[in-house]
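A, B, ... follow the sequence lines: proteins, then strands. Residue 1 opens every chain.
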2 protein chains.
Amino acid sequence: MDIRGSRGPAMTDVARLAGVSHQTVSRVLNDHPNVKEQTRLRVRAAIAELGYRPNRAARTLVTGRSQLLGVVTLNSTLFGPASLLAAFEQAAAESGFAVSVASVVRLDRESVAAAVDRHLDQRVAGLVVIAPTASAGEGLAALPAGVPVVTIDGDPNRAHGLVTVDQVAGARAATRHLLDAGHRTVWHVSGPPDWYDAAGRIEGWRRTLLEAGAEVPPPVQADWSAAAGYSAGQMLARMPEVTAVFTANDHLALGLLRALYERGRRVPEDVSVVGFDDVPEAAFLIPPLTTVRPDFAAVALAGLDLLLAQMTDSEAAPGRIVVKPRLVVRNSVRT
Amino acid sequence: MDIRGSRGPAMTDVARLAGVSHQTVSRVLNDHPNVKEQTRLRVRAAIAELGYRPNRAARTLVTGRSQLLGVVTLNSTLFGPASLLAAFEQAAAESGFAVSVASVVRLDRESVAAAVDRHLDQRVAGLVVIAPTASAGEGLAALPAGVPVVTIDGDPNRAHGLVTVDQVAGARAATRHLLDAGHRTVWHVSGPPDWYDAAGRIEGWRRTLLEAGAEVPPPVQADWSAAAGYSAGQMLARMPEVTAVFTANDHLALGLLRALYERGRRVPEDVSVVGFDDVPEAAFLIPPLTTVRPDFAAVALAGLDLLLAQMTDSEAAPGRIVVKPRLVVRNSVRT
DNA sequence: TTGCCTCATGTTAGCGATAACACCGCTTGG
DNA sequence: CCAAGCGGTGTTATCGCTAACATGAGGCAA
């Protein structure tokens, strides 16, 4: 069955079987117009009979471009990055691209640069970097010109090649919602300060308070974990003046909820809470969590579009897309 | 060094600059022994000066094998698969392999076969399939011989090329723990019945009850979601005879906890609950969840080892590794 | 000296595809 | 009636690398 050793059939084998030249096989494979219908059929039959599959390496070698897209992301099960990766892979597959992942344990410049390098070695056709901190963004500095790149969740001030969630708008909606519920002010448990997401959420929260003439309490700095939310909650629960808290993500909210519960502060009767992300569990916390939902699928899709645009037309100034999140109202805010 | 268009330096460019033949450059790159130290240095210098990076496509073409490992997984943010993917990517990168991901929306035979095909097109050097159902496993049936494959979380009865968590042992530990706490029997909220994980957990639970001479209540069938856990909980909360529940994962437990809370059944005073997975949030539920922790990193590492063993020595019968999970005791079981 | 083996290196021939061009037989238009 | 155009196909040259063999300079034993 094997034609040449263990290497599987090549184009010439198909050509021989179909009684044409290998070039004609190539034309059929690439949907070239000038091929007689009958020939096309014969070639297709031969391909099927041999179970032939084109060798991507050979094609990449001669064309200089692969059908591989590289993703650099944080190696974690954090909901945001994981959702983004899943959604992007899905979208890329539908467009006929394979996705190679190079993840990074820390978001420092060297790690990101190394991950990017691994992708360049593979001759990826384009690169998506999920780079939520400034240090991660710096890893892109040494990138050779001409490589299509899209940054997801990167520096919101970047002019091009960026897709991001409008963190500020999301935080505003959350804060606004709490103020509208009658709270005098809103406390904030923030994410790691070097993350753009965290910074944007702080900014949206602060600006909304300022505009409403409300007092701006100091943000409680945390990371993205439930553990940090719990610690923050232990402190906030002791302060009777705290009646509304906006946490930078849902897992922080989860930890916070537990701390409030332990101290006997009821949610939403005594304290209102709003999260961010809308993880699938948010609707089943005690109480169901009002939160802000970013559309990760939309972000991933936009990222792919931007990347493909750069790849087909390298002149095109890559755009900048900001996806607005929306508030999902449940029962963790008093009405 | 453009990825497309202007093609960057090739081996011959390095050779010219170093005043040697391209073959010598190749030797240096592949750490061939017979190269004079001085020459090696000259070549290295030339490589650095030009910023040369070898073209993987060319190498793959001539050697017939890439440095790419393919992973087939469920496209989701489910904790298990996501953790496994992250851990595997990490391990592979440390061994110098790139990882390409082909995810699948449904675990049916066709989808999995298609994902596998996409990887074969890329000439991956090996394949890891995170195939938690029988239907997914069937997608591997048509795999050409000679492709190294490892299945993670697949059919536990497979003799080789399998790495899995000992679901039965985990479930036994959970059930045992509940019985030891004095419960007459233990109810079970199960995962999707076509998942091996779910089946194993049911079996471990059932066998432990039988061995203890306890009554075996009908398992409440669910999926992996908090929503399903909530539904199950609404039913179980109404049944006063239910005092201990083992859920197939932590998200189910989360939903269950909420349902119990709403019905005024206290945990652990009235009802004890044990989950599975030990998601990072488990310690911060109300109350902190006693659960079973599988070591995903160990599973991923073992999978990689098995794969590399197959790749270097195709004769070696690929092994079979079962990783034992451990019980993490918190406060959701009455003492 | 001859012969042969050992380094260190060069030369040549592919790997399997695409690109560019050549070619052949038919229409067409002037 | 002949040049030009076009559709359909084949031929040849690459892409950048590794494998296999070739070469040539020394070293050393007989």
Side-chain angles (χ1 to χ4, degrees), chain A residues 2-44 46-47 50-68 120-125, chain B residues 1-44 46-47 50-68 120-123 125:
Chain A
D2 255 271
I3 310 235
R4 299 159 2 284
S6 59
R7 277 177 92 108
M11 204 174 253
T12 48
D13 300 311
V14 176
R16 197 175 316 119
L17 182 61
V20 297
S21 75
H22 66 132
Q23 181 61 290
T24 298
V25 177
S26 170
R27 290 192 180 101
V28 171
L29 247 39
N30 295 299
D31 290 319
H32 213 84
N34 294 347
V35 179
K36 222 198 307 189
E37 193 53 28
Q38 191 194 344
T39 313
R40 192 183 302 275
L41 258 35
R42 271 217 317 282
V43 170
R44 289 252 163 76
I47 288 177
L50 293 177
Y52 165 78
R53 45 170 34 107
N55 185 322
R56 300 254 181 179
R59 178 185 303 206
T60 299
L61 179 57
V62 67
T63 60
R65 45 185 346 190
S66 64
Q67 288 283 99
L68 235 201
L120 294 181
D121 276 353
Q122 299 277 331
R123 293 294 198 274
V124 293
Chain B
M1 273 41 40
D2 222 296
I3 281 190
R4 22 177 261 123
S6 65
R7 271 176 178 255
M11 205 174 252
T12 49
D13 300 313
V14 176
R16 199 176 312 119
L17 182 60
V20 297
S21 76
H22 66 153
Q23 181 61 292
T24 298
V25 177
S26 171
R27 289 192 180 100
V28 171
L29 247 38
N30 295 301
D31 289 319
H32 215 82
N34 294 348
V35 179
K36 224 199 306 189
E37 193 51 29
Q38 189 193 345
T39 313
R40 193 184 300 275
L41 260 35
R42 271 217 316 282
V43 170
R44 288 252 164 76
I47 288 176
L50 293 176
Y52 165 78
R53 43 168 37 105
N55 186 321
R56 301 253 182 181
R59 178 185 305 208
T60 299
L61 180 58
V62 67
T63 61
R65 50 189 341 204
S66 65
Q67 286 282 98
L68 236 200
L120 294 180
D121 277 353
Q122 300 274 330
R123 293 293 197 274

Between [atom2] of [N] and [atom1] of [X], the distance in whole Å:
X	N	atom1	atom2	result
A:Leu61	D:dC15	CG	P	9 Å
A:Arg65	C:dA19	CZ	C1'	15 Å
A:Tyr52	C:dA17	OH	C1'	7 Å
B:Met11	C:dT11	CE	C1'	15 Å
A:Asn30	C:dG16	CG	P	17 Å
B:Asp13	D:dC15	CG	P	11 Å
A:Gln67	C:dT18	CD	P	11 Å
B:Asp121	C:dA17	CG	P	11 Å

Between A:Thr63 and C:dT18, is there a side-chain N or O to OP1/OP2 distance below 4.0 Å?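 Looking at the OP1 and OP2 atoms of C:dT18, neither is under 4.0 Å from any side-chain N or O of A:Thr63.
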
May I ask you to evaluate whether A:Asn34 reaches the phosphate of D:dT9, defined as a side-chain N or O under 4.0 Å from OP1 or OP2?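 Looking at the OP1 and OP2 atoms of D:dT9, neither is under 4.0 Å from any side-chain N or O of A:Asn34.
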
Candidate nucleotides [options], ranked by approach to the side chain of [X] - the nearest:
X	options	answer
B:Gln23	D:dG16, C:dG10, C:dA20	C:dG10
A:Thr39	D:dC17, D:dT9, C:dC7	D:dT9
B:Ala10	C:dC21, D:dA19, D:dC17	D:dC17
B:Lys36	D:dA20, D:dT9, C:dA8	C:dA8
A:Arg27	D:dG10, C:dA17, D:dA20	D:dG10
A:His22	D:dT9, D:dT11, C:dT9	D:dT11
A:Thr24	C:dG10, D:dC17, D:dG10	D:dG10

Using heavy-atom distances to pick each residue's nearest nucleotide on DNA chain C, tell me which of B:Val20 and A:Arg59 is more 5'.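 Of the two residues, B:Val20 wins.
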
Just wondering, are more than 12 heavy atoms of other shown residues or ligands nearer than 6.0 Å to CZ in B:Arg65?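 No - once you tally the heavy atoms of other residues, nucleotides and ligands closer than 6.0 Å, there are 12 at most.
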
Do the non-hydrogen side-chain atoms of A:Thr60 and B:Leu61 ever get within less than 4.5 Å of each other?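 A side-chain contact under 4.5 Å is absent here.
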
Counting only distance, no hydrogens or angles, is the base of D:dG16 paired donor-acceptor with the side chain of B:Arg56 under 3.5 Å?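 A donor-acceptor contact between them is absent.
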
On the side chain of A:Arg123, is there an atom forming a donor-acceptor pair with the base of D:dG16 - under 3.5 Å, no angle test?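 Such a pair does not exist between side chain and base.
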
Could you give the distance from [atom1] ([X]) to [atom2] ([Y]), rounded to the nearest 0.5 Å?
X	Y	atom1	atom2	result
A:Leu17	A:Tyr52	CG	OH	13.0 Å
B:Arg56	A:Asp121	CZ	CG	5.0 Å
A:Leu29	A:Arg44	CG	CZ	8.5 Å

